[in-house]
Each structure stands twice: as structure tokens, then as C-alpha cells.
*Asks:* 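I am attaching a structure below and will ask some questions about it afterwards.
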Amino acid sequence: MRSASLISPAMVLSAYRAGAFPMADDRRGRLGWFSPDPRAVLPLDDRFRVRRSLAKRVRNAGFRLTVDRAFPDVIHACAAPRTQQPGTWISHDIEDAYVELHRLGFGHSVEAWRGTRLVGGLYGIALGSAFFGESMFSRETDASKVCLVHLVQRLRDRGFTLLDTQFVNDHLRQFGVIEINRSDYLTQLAEAIDQPDRW
């Protein structure tokens, strides 16, 4: 039996509004709050890049894409150990809080299916015109990348102004992720969360 959670949906939303987010040492680990400087964001304008080979996969890979159909399954898959990353920063407490945020209408997911099998996905939090991307997973080549392309198109269509990816990694660098200093990030954040819900 797990002890009472030290994180709540209200705490998570307050942190996002202040430019911070939670991470844990492992599934049962100590929880910390982070606000990196610089901060990684993925531009939603023409700086967002999709390689030609991936654009072809988006059109022809045969994935069935859905939105908010399997949020608990997506976050659970993101928390699972991976060959190249045996640990995880998604603790049980974080998973529980974000599933509740989904139930409350703040947590969202994009899913890729092969038939009835979930083969990729991503999840995050939406506030105003800001989307805070948290994690993604793939069980088939490029499944999470296709989900990301779908997410960006959805955010563009709905007038989102900020896609926060927190950190830069090789996976995101290919899409044109950039780093901005914390003060610029907080300015963009304040403007974005002051907007009506766009999801």
C-alpha cells in the first residue's frame, strides 16, 4: 500500500502557472519541482520542422490517431522503463495526479494505434493557449513523432502560442526546438495562460 500522495492536481497547476513542473527520482522516489533556465520550447510557427521521411510516415504509416482516448494508458507507458533509459521521473504520485488532471479537463493525450494496439503516444497539460509537453513513448518506429506532428497541427489550428518541452534532447532537436531564458519564458507563459482555454 502506498502512502498518501504528496502532490495534488491543484499543486501541479499552480506550479505550471509559476513556470515549474514536478519530477521524481523514480517510480517511488522523492519529488522535486523544476524551472530550468534556459527553457526549451518548440515553436509553433514555420520554425517547426518535419523531415521529409517523417512527413511521408505521417501520411502513409497507417497509424490510427486519437486524442484523449487513452490518457491513463499513455502516461503509464511513458513511465515504463526503456532500454536506453531504465529509470523514470514519473512516480506513482505524479501518474495519479496527472490522471486526475485529465479527468478535470487539463491533461491531454495523443495516441497512435495499430489496429486495437496502442503503439505510441504523448501527454501534457493545457492552460489557456499554452501546452506543456511532458513525455512520449513508441512501440513502433516513429509512432511518437507522428503523434507530435499531430499535436502541433492541433495546437496551431486552435491558436496556441506556447509549446513548452522543458528540456532539449536529440529527439526534439530535429523538430526545431529552441531554448529561451527564463524571463522570456515567463513573459510568454503569462500571456498564454491569460487566454481562454484553447484545447
Side-chain angles (χ1 to χ4, degrees), residues 2 5 7 9 12 21-24 26-29 40 42 44 48-126 131-158 160 163-167 169-177 198-199:
R2 302 208 309 264
S5 176
I7 181 175
V12 175
F21 54 87
M23 295 180 71
D26 55 38
R27 285 294 273 169
R28 299 182 183 276
L42 191 54
L44 294 170
F48 177 72
R49 301 192 303 262
V50 178
R51 293 193 323 264
R52 185 175 301 171
S53 59
L54 179 58
K56 185 176 180 180
R57 292 279 291 170
V58 170
R59 294 191 301 271
N60 303 323
F63 298 124
R64 178 172 59 91
L65 297 177
T66 58
V67 173
D68 289 342
R69 291 287 301 277
F71 185 97
D73 297 317
V74 169
I75 189 171
H76 192 72
C78 288
R82 308 173 195 196
T83 303
Q84 70 277 19
Q85 180 186 328
T88 182
W89 56 267
I90 305 171
S91 67
H92 292 294
D93 287 343
I94 288 175
E95 183 175 347
D96 291 346
Y98 280 70
V99 169
E100 180 64 11
L101 283 165
H102 170 65
R103 191 188 71 77
L104 294 170
F106 297 101
H108 301 287
S109 57
V110 178
E111 303 94 13
W113 307 83
R114 182 74 72 189
T116 60
R117 181 171 176 259
L118 182 65
V119 296
L122 58 81
Y123 77 96
I125 298 295
F131 189 86
F132 308 89
E134 285 297 326
S135 188
M136 56 180 61
F137 80 98
S138 283
R139 292 173 179 152
E140 284 194 18
T141 301
D142 290 339
S144 66
K145 295 177 184 177
V146 171
C147 288
L148 180 59
V149 173
H150 183 78
L151 172 69
V152 169
Q153 188 59 57
R154 182 185 180 94
L155 299 182
R156 285 172 162 174
D157 290 346
R158 285 158 174 76
F160 276 73
L163 174 49
D164 174 18
T165 67
Q166 302 170 352
F167 302 105
N169 58 39
D170 290 339
H171 182 73
L172 293 172
R173 190 173 282 112
Q174 65 186 288
F175 292 99
V177 69
R198 299 283 176 88
W199 185 257

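In this text, all values refer to a predicted model and were calculated from it rather than measured experimentally.
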*Asks:* Taking all non-hydrogen atoms of both residues, which atom of P9 and which atom of A97 are closest, and how far apart?
*Replies:*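 Smallest interatomic distance, heavy atoms only, reads CG-O, 3.9 Å.
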*Asks:* Please find the pair of heavy atoms, one from A40 and one from V177, that lie closest to each other, and give the distance.
*Replies:*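 The answer is CB-CG2, 4.0 Å.
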*Asks:* So that I know where these two stand, are F132 and F106 an aromatic pair - ring centroids less than 6.0 Å apart?
*Replies:*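 For F132 and F106, the ring centres are not under 6.0 Å apart.
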*Asks:* Rounded to the nearest 0.5 Å, how far does OG1 of T66 lie from CD of E111?
*Replies:*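 Spacing of CD (E111) from OG1 (T66) equals 3.5 Å.
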*Asks:* Evaluate L118 against R139 for side chain to side chain contact (heavy atoms under 4.5 Å, CB included), listing each step before the verdict.
*Replies:* CA-CA 8 Å; L118 182 65; R139 292 173 179 152; 4.1 Å; yes
*Asks:* Is it the case that more than 12 heavy atoms not belonging to R69 sit under 6.0 Å from its CZ atom?
*Replies:*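 Atom CZ in R69 is not crowded, with 12 or fewer foreign heavy atoms closer than 6.0 Å.
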*Asks:* CZ of F137 to NE2 of H76: how many Å apart, nearest 0.5 Å?
*Replies:*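 If we round to the nearest 0.5 Å, F137:CZ and H76:NE2 are 10.5 Å apart.
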*Asks:* Judged by atom type as modelled, is there a donor-acceptor pair below 3.5 Å linking the side chain of R158 to the main-chain atoms of W199?
*Replies:*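 At least one qualifying donor-acceptor pair exists.
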*Asks:* Should we count CZ of R117 as having more than 12 external heavy atoms under 6.0 Å?
*Replies:*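 More than 12 heavy atoms, drawn from other residues, nucleotides or ligands, come within 6.0 Å of this atom.
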*Asks:* For residues Y98 and P22, determine if any side-chain heavy atom of one lies less than 4.5 Å from a side-chain heavy atom of the other.
*Replies:*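 The answer is yes, as the side chains (C-beta and beyond) meet within the 4.5 Å cut-off.
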*Asks:* Taking the side chain as C-beta and beyond, is there a heavy-atom pair between H108 and V67 under 4.5 Å?
*Replies:*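 No, their side chains stay 4.5 Å or more apart.
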*Asks:* Between the side chains of D157 and Q153, is a donor N or O closer than 3.5 angstrom to an acceptor N or O?
*Replies:*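 The criterion, which ignores hydrogens and geometry beyond distance, is satisfied for Q153 and D157.
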*Asks:* Determine yes or no for a side-chain-to-main-chain donor-acceptor pair under 3.5 angstrom, with R156 supplying the side chain and L44 the backbone.
*Replies:*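 Yes: the side chain of R156 pairs with the backbone of L44.
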*Asks:* Drop me the distance from L148's CG to L172's CG, to the nearest 0.5 angstrom.
*Replies:*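 Answer for the CG-CG pair, L148 versus L172, is 7.0 Å.
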*Asks:* Would you call the rings of F21 and F167 parallel, tilted or perpendicular, taking 30° and 60° as the class edges?
*Replies:*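 Aromatic pair F21/F167 classed perpendicular.
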*Asks:* Measure across G121 and C147 and return the closest heavy-atom pair with its distance rounded to 0.1 Å.
*Replies:*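 The pair with the smallest heavy-atom distance is CA-SG, 3.8 Å.
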*Asks:* Would Y123 and L101 count as a side chain to side chain contact (heavy atoms under 4.5 Å, CB included) if you check the C-alpha gap in whole Å, the side-chain angles of each, and the deciding distance to 0.1 Å?
*Replies:* CA-CA 11 Å; Y123 77 96; L101 283 165; over 6 Å; no
*Asks:* Just say parallel, tilted or perpendicular for the rings of F131 and F160, cut-offs at 30° and 60°.
*Replies:*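 Taking F160 first and then F131, their aromatic rings stand perpendicular (interplane angle over 60°).
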*Asks:* How long is the gap from CD on Q166 to OG on S135, to the nearest 0.5 Å?
*Replies:*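 One gets 9.5 Å once the value is rounded to the nearest 0.5 Å.
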*Asks:* Roughly how far, to the nearest 0.5 Å, is CZ of F63 from CD of E140?
*Replies:*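 Here the interatomic distance stands at 5.0 Å.
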*Asks:* Given side chains that start at C-beta, do those of S144 and L122 come closer than 4.5 Å, heavy atoms only?
*Replies:*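 Answer no - side chains too far apart.
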*Asks:* So how far is it from L65 CG to L151 CG, rounded to the nearest 0.5 Å?
*Replies:*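 So the CG of L65 and the CG of L151 are separated by 11.0 Å.
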*Asks:* Looking only at non-hydrogen atoms, find the nearest pair between G107 and I125 and report the distance.
*Replies:*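 Taking every non-hydrogen atom into account, CA-CD1, 3.7 Å.
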*Asks:* Could you tell me whether the side chain of K145 reaches within less than 4.5 Å of the side chain of H171, counting heavy atoms only?
*Replies:*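 Yes. Closest side-chain heavy atoms under 4.5 Å.
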